Every structure is written in C-alpha cells, then in structure tokens.
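Below: one structure, written as structure tokens.
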Amino acid sequence: MTNIDAEIYSEFKCKADKCKHCCCSAGWEIDIDEDTLQYYKALDTELGNEIRQSIHEGEDSFFILNDDKRCPFLKDSGLCRIIEELGEEGLCDICRLHPRFYENIKDYSLAGVGLCCEKASELLFEKHSLNFIICDSQKTVGFMNLLEMLEIDIPQECLKLTNIIPDYLNEVSIEKILDIFYNTEPIDDDWKNEVLLIKSKFKDYLRSPDSFDVKKYELIYQYILFRQLELARDYGIRKVIDYAVYSIIFIILYAYTFRDDIEAVRRWSEQIEYDEDNIAMILDELV
C-alpha cells in the first residue's frame with residue numbers, strides 16, 4: 001500500500017483557542033474508542049474521576065456533553081483540559097485524529113483534512129495548486145498526476161472551475177441546487193433559514209457574477225473532488241463531478257450572501273461533507 005498525503009495534511013496544525021468554531025463545542029457526539037476507555041478507567045487521578053463521571057458507557061461509549069452542547073473538558077479559554085494535563089496521548093482517537101480522514105483506493109492510502117475545520121480551508125485558500133506527497137519518496141505530485149495514479153479519468157477541462165461553472169449559472173439550475181441543499185437533514189436550527197436567505201439573494205449574484213472571483217474557489221472545488229473520489233466506484237465519476245460543482249456553487253453563494261469565504265466552506269462541510277446520508281441524498285438527486 002502506497003501512502004499519499006494531501007499537502008495540507010502534513011501542514012495542518014489545530015488552532016486550538018484561536019479557532020472561531022472549536023470542534024469541542026460543535027454539539028457533535030464524541031465517541032470514545034475501547035483502548036482509550038480502558039485507559040480512562042485506570043486513570044487514578046482527580047481528572048480520571050471527572051472523566052469517568054462524564055462518560056456514557058454502553059455499546060457505544062461517548063462523552064456526555066454539557067447543556068450548551070460543549071465537551072465537558074473544553075475550558076472557557078478554548079483549550080482542552082485533557083491535553084493540558086495528559087498530553088495529546090490522553091485523547092480518544094476521534095479527538096486526536098479529527099479533522100483528518102483516510103481513504104483507500106486501489107493500492108493507495110490517501111490522507112487529507114476535512115474542510116469543517118477553518119484551518120484546513122485557510123490552508124487551501126493560501127495555495128496556488130493542489131498538491132500531494134508520496135510518503136515513501138517525499139515526491140510532490142499534482143492532482144492530475146494523482147488521478148492518473150489512481151486510474152480515475154476526469155477530463156482536465158472538468159478540473160477548471162471557470163470552464164465548468166458557467167453552464168450552471170442560471171436561475172433554473174441554481175433553484176434546483178438550493179432546493180437540494182435545503183432538503184438535506186439540517187445540522188442545526190439555522191441551516192434552513194440560511195439557505196432561504198441565499199435563495200432570496202442569488203439573483204443579485206447572477207446579475208453581476210464578474211464582481212465575484214470564482215477562480216479563487218478552484219482548489220476548494222478540486223479538493224471536494226479529491227475527498228469523494230472513492231464514491232466514483234458506486235456512483236460514477238460524472239456524479240462525483242456534479243456533486244462537487246453543486247457544492248462549490250452553494251459555497252460561492254453562501255460566501256456572497258454572508259461575506260465570509262472561510263465560513264462558507266466550513267458551514268457547507270459540517271452540513272454535507274460530514275454527513276454520509278446528506279452526501280448520498282445529493283448524489284441520488286443527480287441525473
């Protein structure tokens with residue numbers, strides 16, 4: 001098995017207390033793997049007692065969140081008590097690895113960072129090309145080279161957002177796209193209202209699309225493709241391309257409406273990229 005890392009995977013470092021949307025306060029269930037659970041059970045300290053009191057143990061064990069849906073060990077400063085007192089080795093697997101992800105395609109193991117983390121988006125927006133590192137040789141290859149290695153055929157013109165997006169920039173297509181995203185299972189009470197606001201604003205965008213730099217989202221678009229390459233086996237590469245195009249159009253319109261590129265990517269990711277049912281729902285809607 002050949003290990004290949006997205007360049008931003010090796011560059012990623014958690015922003016900790018500087019993050020605007022700390023994953024410890026996102027309201028997500030924090031599962032505890034069996035090895036870490038046994039470690040916590042044997043931890044003979046005051047913190048160990050607190051940890052054990054904060055665990056729901058069953059078929060799936062997890063931390064019991066506070067009333068405000070925060071991890072009980074997230075301090076007001078935005079730092080983690082477990083890391084401060086035990087080091088990163090004291091974290092359960094999900095906390096230690098998030099937002100990293102791993103996918104196997106053919107004889108390759110691919111590693112990347114999920115875009116629900118604002119730091120991952122920041123790293124991508126700073127790049128001029130989407131690169132990957134072959135771990136054994138430390139050789140850097142581009143996205144087209146990676147696709148050739150994986151034997152996945154995506155026409156080069158489909159990787160250029162400025163080539164592919166104009167066909168979708170019309171009222172009928174965008175109404176369809178926004179309806180699909182509106183009907184995904186919402187992550188919170190704000191989601192549907194945000195989509196409705198975008199629907200009320202998108203015609204303004206269509207009147208002056210040149211005022212918004214589509215090209216700056218090209219690497220985000222390519223990275224969305226990279227993240228879901230594995231789905232090409234079940235859905236075909238055309239649907240994966242359309243999924244990425246629909247997603248990037250939503251991100252562009254979100255950024256246009258709320259004036260925040262990083263938040264547009266992060267918000268899309270936590271609602272779609274991190275919900276397999278929502279991804280499947282979008283793919284099933286594509287012709």
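This structure is a prediction, so every number in the text was calculated from the model and none was measured. The chain is numbered in sequence order, starting from 1.
For the atom pair OH (Y40) and OG (S61), the distance works out to 11.5 Å, reported to the nearest 0.5 Å. Here the CG-CD1 distance, from D275 to I282, works out to 9.5 Å after rounding to the nearest 0.5 Å. Here CG of L253 is found 8.0 Å from CZ of F202. Values are rounded to the nearest 0.5 Å. The OH atom of Y108 lies 13.5 Å from the CG atom of L229; values are rounded to the nearest 0.5 Å. Separation of atoms CG (L178) and CD1 (I174) is listed at 7.0 Å; rounding is to 0.5 Å. Atom CG of L219 is separated from atom OG of S121 by 12.0 Å, given to the nearest 0.5 angstrom.
At least one side-chain heavy atom of I83 sits under 4.5 Å from a side-chain heavy atom of L91. Counting only heavy atoms from C-beta outward, the side chains of L124 and V265 never approach each other to under 4.5 Å. Under the 4.5 Å side-chain criterion, counting only non-hydrogen atoms from C-beta, I272 is in contact with Y243. Between L86 and T45, the closest side-chain pair of non-hydrogen atoms is not below 4.5 Å. Counting heavy atoms from C-beta outward, L159 and L130 have side chains that stay 4.5 Å or more apart. At least one side-chain heavy atom of H98 sits less than 4.5 Å from a side-chain heavy atom of Y274. Within the 4.5 Å cutoff, the side chain of M149 has heavy atoms near those of the I134 side chain. The shortest distance between side-chain heavy atoms of I165 and I252 falls below 4.5 Å.
Residues Y9 and F12 share a hydrophobic cluster, clusters being chains of Ile/Leu/Val/Met/Phe/Trp/Tyr side chains in contact below 4.5 Å. Note on I30 and L79: separate hydrophobic clusters, where clusters join Ile, Leu, Val, Met, Phe, Trp and Tyr whose side-chain heavy atoms are under 4.5 Å apart, directly or indirectly. Hydrophobic clustering keeps I94 apart from L97 (ILVMFWY residues linked when any side-chain heavy atoms are closer than 4.5 Å, directly or through intermediates). Linking ILVMFWY residues whenever their side-chain heavy atoms come closer than 4.5 Å, directly or via other members, places L196 and Y205 in the same cluster. Under a hydrophobic-cluster definition in which Ile, Leu, Val, Met, Phe, Trp and Tyr are linked whenever side-chain heavy atoms come within less than 4.5 Å, directly or via other members, F62 and F73 are assigned to different clusters.
Among K199, Q271, R267, the single residue meeting the side-chain hydrogen bond (donor to acceptor under 3.5 Å, both in side chains) criterion with E194 is R267. Between Y217 and the options I224, T162, I249, I248, a side-chain contact (heavy atoms from CB on, under 4.5 Å) holds for only I248.
Remark: E157 does not engage K160 in a salt bridge, criterion side-chain N to carboxylate O under 4.0 Å. Of the charged side-chain nitrogens involved, none lies within less than 4.0 Å of a carboxylate oxygen, so that E84 and R81 do not count as a salt-bridged pair. Between K176 and D179 there is no salt bridge, since no side-chain N of the basic residue sits under 4.0 Å from a carboxylate O of the acidic one. In this structure, K20 does not pair ionically with E118, as no charged nitrogen and carboxylate oxygen lie closer than 4.0 Å. Ion pairing between a basic and an acidic side chain is recognised when a charged N comes within 4.0 Å of a carboxylate O; E57 and R52 show no such pairing. A salt bridge between K239 and D242 is absent, with no side-chain N of the basic residue lying under 4.0 Å from a carboxylate O of the acidic one.
Taking the centre of each ring, F258 and W268 stay at or above the 6.0 Å mark.
Across every non-hydrogen atom of F125 and K216, the tightest pair is CE2-O, 3.6 Å. Taking both residues in full, the closest heavy atoms of R266 and C116 are given as CG-O, 2.8 Å, listed atom of the first, atom of the second, then distance. The minimum heavy-atom distance between L123 and E11, with the atom names listed, is CD2-OE1, 4.1 Å. Of all the heavy atoms in M281 and I180, the pair that sits closest is CE-O, 3.6 Å. Nearest approach of T36 to G90, heavy atoms of both residues: CG2-O, 4.3 Å. The shortest heavy-atom contact between E7 and K127 is OE1-NZ, 3.2 Å.
Ring orientation note: the planes of Y168 and Y246 are nearly perpendicular, at an angle over 60° on the 30°/60° scale. Classification of the F250-F181 ring pair by plane angle, with boundaries at 30° and 60°, yields parallel. The aromatic rings of F132 and F143 are tilted relative to each other, their planes meeting at an angle between 30° and 60°. Ring geometry for F226 against F101 counts as tilted: the plane angle lies between 30° and 60°, on a 0 to 90° scale.
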Working note: Q53 + I64, criterion side-chain contact (heavy atoms from CB on, under 4.5 Å); need CA distance, chi angles, decisive distance, verdict. CA-CA 9 Å; Q53 292 170 11; I64 301 169; over 6 Å; no

Tell me, with the steps shown, if Q138 and I133 meet side-chain contact (heavy atoms from CB on, under 4.5 Å). CA-CA 6 Å; Q138 290 299 296; I133 299 170; 3.9 Å; yes

After noting the C-alpha distance and the side-chain angles of I154 and V240, does the key distance pass the side-chain contact (heavy atoms from CB on, under 4.5 Å) rule? CA-CA 10 Å; I154 298 181; V240 174; over 6 Å; no

Go through it in stages, so that I can follow the logic: the residues are C92 and D31, the test is side-chain contact (heavy atoms from CB on, under 4.5 Å), and I'd like the CA-CA distance, side-chain angles, deciding distance and then a yes or no. CA-CA 8 Å; C92 54; D31 295 327; over 6 Å; no

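In this structure, N66 contributes its side chain and D68 its backbone to no donor-acceptor pair below 3.5 Å. Within the 3.5 Å criterion, the main-chain N or O of L231 finds no donor-acceptor partner in the side chain of D234. No donor-acceptor pair closer than 3.5 Å links the side chain of D93 to the backbone N or O of D33.
Other residues, nucleotides and ligands contribute only 12 or fewer heavy atoms inside 6.0 Å of the CG atom of D76. With a 6.0 Å radius and a threshold of 12 heavy atoms from other residues, nucleotides or ligands, E230 has its CD atom above the threshold. The local environment of CG in D189 is sparse, with at most 12 non-hydrogen atoms from other residues, nucleotides or ligands closer than 6.0 Å.
Annotation: cation-pi pair R259/Y256 present, NZ/CZ under 6.0 Å from the ring centroid and within 45° of its normal.
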